[in-house]
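The structure under discussion appears below in the form of structure tokens.
The chains referred to below are lettered A, B, ... by the order of the sequence lines, with proteins before strands, and numbering in each begins at 1. Hydrogens, waters and symmetry mates are skipped; everything else that's a heavy atom, side chains included, is used.
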2 protein chains.
Amino acid sequence: MEDRLQTLVQKIRQHGHRLTPQRMAILRILADSTGHPTVEQVYEQVQAQFPMTSLATVYKTVTLLKEEGEILELSFGGESSRYDGHNPQPHPHLICIRCGTILDPDLALFNDLPREICDKYGFQMVNHRVDFFGICPACQQAQSVSTTSTPQGKEQEF
Amino acid sequence: MEDRLQTLVQKIRQHGHRLTPQRMAILRILADSTGHPTVEQVYEQVQAQFPMTSLATVYKTVTLLKEEGEILELSFGGESSRYDGHNPQPHPHLICIRCGTILDPDLALFNDLPREICDKYGFQMVNHRVDFFGICPACQQAQSVSTTSTPQGKEQEF
DNA sequence: ACCTTATAGATAATTATTATCAATAACAAA
DNA sequence: TTTGTTATTGATAATAATTATCTATAAGGT
């Protein structure tokens with residue numbers, strides 16, 4: 001996990017980019033994050049350390065990491081993109097449409113399957129994405145425990 | 001394929017919605033389309049028949065079909081969403097990042113796999129999405145045939 | 001310490017999509 | 001067939017995430 005930060009720092013320096021305190025703080029947050037935060041959420045965390053930091057700076061750092069292939073971006077329809085700077089390789093996700101949590105199941109199956117499928121179709125794969133949308137166990141529990149007939153709130157669209 | 005149009009028409013009427021000529025034209029285009037068009041592309045096709053049609057009307061019809069579960073929406077980061085009104089069930093896609101073509105491979109594997117995986121994790125699945133991004137066979141050929149060193153144009157981001 | 005230039009911060013611009021609203025037309029009922 | 005209700009249309013404004021712009025600043029090599 002500290003390794004991951006070092007990898008990011010190294011990649012940044014290798015390409016002649018500079019390490020500002022703000023950028024360093026952003027890298028640290030992204031390297032440690034397992035919750036697939038939005039840019040806005042990263043921004044809020046950075047501001048705790050550097051109150052003067054601009055949202056644009058977070059966007060620019062994320063863009064930089066995308067170019068280096070060191071961050072995984074999960075874009076959705078209307079919602080803000082979610083980012084994984086901890087594990088930038090494509091991997092499947094379980095996405096709760098109620099609370100927005102994104103889980104990383106351990107599915108060894110998807111290590112080789114995408115490439116095999118694409119090879120079969122003569123398709124030169126450069127990326128892939130596997131998302132399962134639904135209600136996570138925690139939200140199912142919250143629902144079943146509820147004694148009122150109060151609706152649980154409309155789920156997000158994704 | 002004519003069946004598909006009838007299904008859409010029926011779904012629309014069932015829910016008390018009205019069938020205007022514009023809406024009918026949009027349904028016809030979406031029912032027949034195998035190319036995963038954008039709203040803009042549907043709009044252009046509709047205008048050939050009804051030049052006064054508004055882009056907003058296409059958006060509204062697509063939204064309606066989404067609510068009915070009769071159209072599959074593929075949202076991407078920056079790009080416009082692509083739509084499949086011909087086969088609205090979730091299915092895997094091969095997406096060319098160079099020409100934008102979206103192919104539907106026949107992968108029986110993905111009929112049951114998503115549900116099995118989610119069951120295993122206690123995740124109540126309501127939707128899923130499997131996308132493979134890369135260079136389609138046609139674009140690979142165009143590249144290898146090219147004798148000049150002219151770059152093939154930057155691929156889109158998706 | 002100096003110099004070059006990438007980066008920060010603030011804000012304007014972009015763009016797909018959605019909301020608004022008055023005029024019109026679908027369609028059920030008389 | 002005519003009528004009445006109201007969903008829909010078309011035009012345009014609003015929204016919101018992301019990107020572009022631009023000047024002052026500071027990173028990092030010399």
(message) For the residue pair Asp84(A) / His93(A), report whether a side-chain donor-acceptor contact shorter than 3.5 Å exists.
(response) no
(message) Donor-acceptor check, side chain of Arg82(A) to backbone of Phe76(A), threshold 3.5 angstrom: yes or no?
(response) no
(request) Quickly work out the Glu40(B) CD to dT17(C) P distance and round it to whole Å. (result) 10 Å
(request) Answer with base, sugar-phosphate or nothing: what part of the nucleic acid does Leu19(A) contact at a heavy-atom distance below 4.0 Å? (result) sugar-phosphate
(message) In whole Å, I'd like the distance from the CD1 atom of Ile12(B) to the C1' atom of dT8(D).
(response) 12 Å
(request) Scan Gln22(B) against the nucleic acid and name what it touches under 4.0 Å (heavy atoms): base, sugar-phosphate only, or nothing. (result) sugar-phosphate
(request) Rounded to the nearest angstrom, tell me the gap between atom CZ in Arg23(A) and atom C1' in dG28(D). (result) 13 Å
(message) If the test is side chain to side chain contact (heavy atoms under 4.5 Å, CB included), which one of Leu107(A), Val130(A), Leu72(A), Asp106(A) qualifies with His91(A)?
(response) Leu72(A)
(request) Using the closest heavy atom to pick a nucleotide of DNA chain C for each, name whichever of Thr61(A) or Lys66(B) lands nearer the 5' end. (result) Thr61(A)
(request) State whether Arg13(B) places a side-chain N or O below 4.0 Å from either non-bridging phosphate oxygen (OP1 or OP2) of dC27(C). (result) yes
(message) With side-chain hydrogen bond (donor to acceptor under 3.5 Å, both in side chains) as the test, pick out the partner of His15(A) among Glu67(A), Gln10(A), Glu68(A).
(response) Glu68(A)
(request) Measure the distance from CG on Leu64(A) to C1' on dA8(C) and round it to the nearest whole Å. (result) 14 Å
(request) Please determine if a side-chain N or O atom of Ser81(A) lies less than 4.0 Å away from the OP1 or OP2 oxygen of dT18(D). (result) yes
(message) Under 4.0 Å from OP1 or OP2 of dG9(C): is there any side-chain N or O of Thr57(A) that close?
(response) yes
(request) Name the closest nucleotide to the Thr20(B) side chain, picking from dA8(C), dT8(D), dG10(D). (result) dT8(D)
(request) State whether Tyr59(B) places a side-chain N or O below 4.0 Å from either non-bridging phosphate oxygen (OP1 or OP2) of dT17(C). (result) yes
(message) So, OP1 or OP2 of dA25(C): does either fall under 4.0 Å of a side-chain N or O from Arg18(B)?
(response) no
(message) Output the rounded distance in Å from CD (Glu79(A)) to C1' (dA17(D)).
(response) 11 Å
(request) For Val39(A) and for Lys60(A), locate the closest nucleotide of DNA chain D by heavy-atom distance; then report the residue assigned to the nucleotide nearer the 5' terminus. (result) Val39(A)
(message) If hydrophobic clusters are built from ILVMFWY residues whose side chains come within less than 4.5 Å, do Ile12(B) and Val46(B) share one?
(response) yes
(message) From CE of Met52(B) over to P of dA25(C), roughly how many Å is that when rounded to an integer?
(response) 11 Å
(message) Pick the closest DNA chain C nucleotide for His17(B) and for Ser75(B) by heavy atoms, then say which residue is nearer the 5' end.
(response) Ser75(B)
(request) Could you check how far CZ of Arg82(A) sits from P of dT18(D), rounded to whole Å? (result) 12 Å
(request) Give the rounded distance in Å between these two atoms: CG of Leu65(B) and P of dT17(C). (result) 15 Å
